[in-house]
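Below you'll find the structure, written out as structure tokens, and then a few comments.
The basis for the numbers below is simple: all heavy atoms, side chains too, and nothing from hydrogens, waters or symmetry mates.
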Amino acid sequence: MTGKRYVAGILLAAFSLSGGTLIYRDRNSNQLAILPKVTIQTIADGQMQCEYDKKDFIVPLADVVRYYDEDLKVEGGYLDDNSTAYDIRLGDVEIPDNKKKQLNFNVRYHIMRRQDQCNDPRIRMPYFYLVVLTESEAQDGSIRRQRNIYANSNSARISSRGWSEIKVLEKLLAGDRPLWTSADEAQNKPMASSLSGLETTFNLTGLSKRKILAWYLTAWGKNTLEDSKIWIDPTAGIENDWLTRTYR
């Protein structure tokens, strides 16, 4: 998301929300800070005045990383821990043929560790999410649409009732998120600064013989969204809110 689009989104949210979640770069600690239940009061002159825990504070817009119109179910604090931050870049994806019984959505990606002050070679396991919208014909002849959300790890799973980045963020901060201590656990190779040729696979359970109308793929690093890809069938008439709306 570009800076202009993002700031515009904040402006719209500021006067329609009573509270949300703010992520920003704390200049004193140089860490990512997260505050739930934040109320945006005003935005002017490159600054955002907010209220948190009945106290007013100001954050320069340049330091704002993300703002969500949902409350994170954790206490305020810092997102950084002792693991190394890293970038993820998505590569090629292999979309399955829905005529097959085994539907695998394969994703190639690349990881690059950031050069920061952290000497810990470990990284938090990257989390990938795939949201898929499909349709099929019911016995009465009507067309039924269905949305499924898949994750690359059991510890990363979220509810499929609707896509929510706040729910993902809660998973990123959870204590059961695995640590990668090496590029190959079996051979105990040290974690390199750059890892290429990596791959993750989503088994699209329950989508056999259903037509794929759209998909949205996201890659999450240590504590933020790092990369994403989206595809929508231009002939399908997809709703703009297909990621979050309720399908029956």
Side-chain angles (χ1 to χ4, degrees), residues 1 83-114 122-136 145-165 167-169 171-172 174 176-189 191-236 238 242-244 247:
M1 182 180 292
S83 62
T84 302
Y86 58 95
D87 298 315
I88 304 176
R89 289 297 171 262
L90 294 170
D92 296 335
V93 299
E94 295 180 7
I95 303 172
D97 182 352
N98 65 350
K99 295 180 181 179
K100 297 180 179 179
K101 292 183 179 181
Q102 187 77 6
L103 301 182
N104 289 330
F105 190 107
N106 299 317
V107 180
R108 294 184 178 87
Y109 64 97
H110 172 83
I111 285 179
M112 181 174 293
R113 292 173 57 193
R114 296 177 188 167
R122 302 173 302 170
I123 65 172
R124 291 289 176 184
M125 178 183 181
Y127 278 175
F128 297 86
Y129 293 89
L130 178 66
V131 188
V132 183
L133 181 67
T134 60
E135 73 175 13
S136 64
R145 288 186 172 178
Q146 173 181 311
R147 180 189 55 243
N148 294 72
I149 301 178
Y150 301 90
N152 67 316
S153 168
N154 288 337
S155 59
R157 288 182 180 176
I158 63 173
S159 169
S160 61
R161 288 178 292 180
W163 172 247
S164 168
E165 290 194 1
K167 298 301 181 185
V168 173
L169 192 55
K171 290 295 183 179
L172 295 184
D176 61 346
R177 186 180 178 191
L179 275 168
W180 278 8
T181 57
S182 67
D184 188 332
E185 294 289 351
Q187 300 181 28
N188 198 28
K189 295 179 180 179
M191 181 69 71
S193 60
S194 178
L195 302 175
S196 59
L198 302 176
E199 185 172 313
T200 190
T201 299
F202 298 93
N203 186 344
L204 306 189
T205 305
L207 299 191
S208 179
K209 299 181 181 180
R210 300 184 63 90
K211 180 182 179 182
I212 296 178
L213 303 180
W215 54 262
Y216 177 52
L217 174 67
T218 58
W220 298 76
K222 178 179 178 179
N223 47 34
T224 55
L225 174 64
E226 297 295 336
D227 203 2
S228 64
K229 288 190 175 188
I230 190 169
W231 176 85
I232 297 176
D233 184 343
T235 67
I238 303 299
W242 70 273
L243 284 169
T244 57
Y247 288 97

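Ile230 pairs by the side-chain contact (heavy atoms from CB on, under 4.5 Å) definition with Tyr216, Ile232, Trp242, not counting sequence neighbours. Qualifying ring-ring contact (aromatic ring centres under 6.0 Å, His included) partners for Tyr150, counting only residues two or more places apart in sequence or in other chains: none.
Although no hydrogens or angles enter the test, the distance criterion places a donor-acceptor pair under 3.5 Å between the side chain of Asp227 and the main chain of Leu90. Arg124 places a side-chain N or O within 3.5 Å of a backbone atom of Arg177 that can act as its donor or acceptor partner. Tyr129 contributes no side-chain N or O that, together with a main-chain N or O of Glu165, makes up a donor-acceptor pair within less than 3.5 Å. Side chain of Asn152 to backbone of Pro126: a donor-acceptor contact under 3.5 angstrom is found. The backbone N or O of Arg157 sits nowhere less than 3.5 Å from a side-chain atom of Lys167 that would complete a donor-acceptor pair.
Put simply, the side chain of Arg147 reaches to within 4.5 Å of the side chain of Val131, judged on heavy atoms. Residues Leu204 and Trp215 form no side-chain contact, since every pair of their non-hydrogen atoms from C-beta on lies 4.5 Å or further apart. Under the 4.5 Å side-chain criterion, counting only non-hydrogen atoms from C-beta, Ile158 is not in contact with Tyr127. The shortest distance between side-chain heavy atoms of Trp163 and Val168 falls below 4.5 Å.
Contact detail for Asn223 and Leu169: the closest heavy-atom pair is O-CD1, 3.8 Å. The two atoms that bring Ile238 and Asp233 nearest to each other are CG1-O, 4.3 Å, heavy atoms only. When all heavy atoms of Leu207 and Gln146 are compared, the closest pair comes out as CD2-NE2, 3.7 Å. When all heavy atoms of Ile88 and Ala219 are compared, the pair lying nearest together is CG2-CB, 3.8 Å.
Between the CG atom of Leu172 and the NZ atom of Lys222 there is a distance of 11.5 Å, given to the nearest 0.5 Å. Annotation: the span from Asn203 atom CG to Leu130 atom CG amounts to 11.5 Å, rounded to 0.5 Å. The structure places OG1 of Thr201 at 4.0 Å from CG of Asn106, a figure rounded to the nearest 0.5 Å. Annotation: the span from Ile149 atom CD1 to Leu133 atom CG amounts to 11.0 Å, rounded to 0.5 Å. Atom CZ of Arg108 is separated from atom CD of Glu199 by 5.0 Å, given to the nearest 0.5 angstrom. Between the CG atom in Leu103 and the CD1 atom in Ile95 there is a gap of 12.0 Å [rounded to 0.5 Å].
Judged by distance alone, the side chains of Arg210 and Ser136 do bring a donor and an acceptor atom under 3.5 Å apart.
Put simply, the residue from Phe202, Tyr109, Phe105 that forms a ring pair (Phe, Tyr, Trp, His ring centres under 6.0 Å) with Phe128 is Tyr109.
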Step by step, work out the side chain to side chain contact (heavy atoms under 4.5 Å, CB included) result for Glu226 and Ile111. CA-CA 10 Å; Glu226 297 295 336; Ile111 285 179; over 6 Å; no
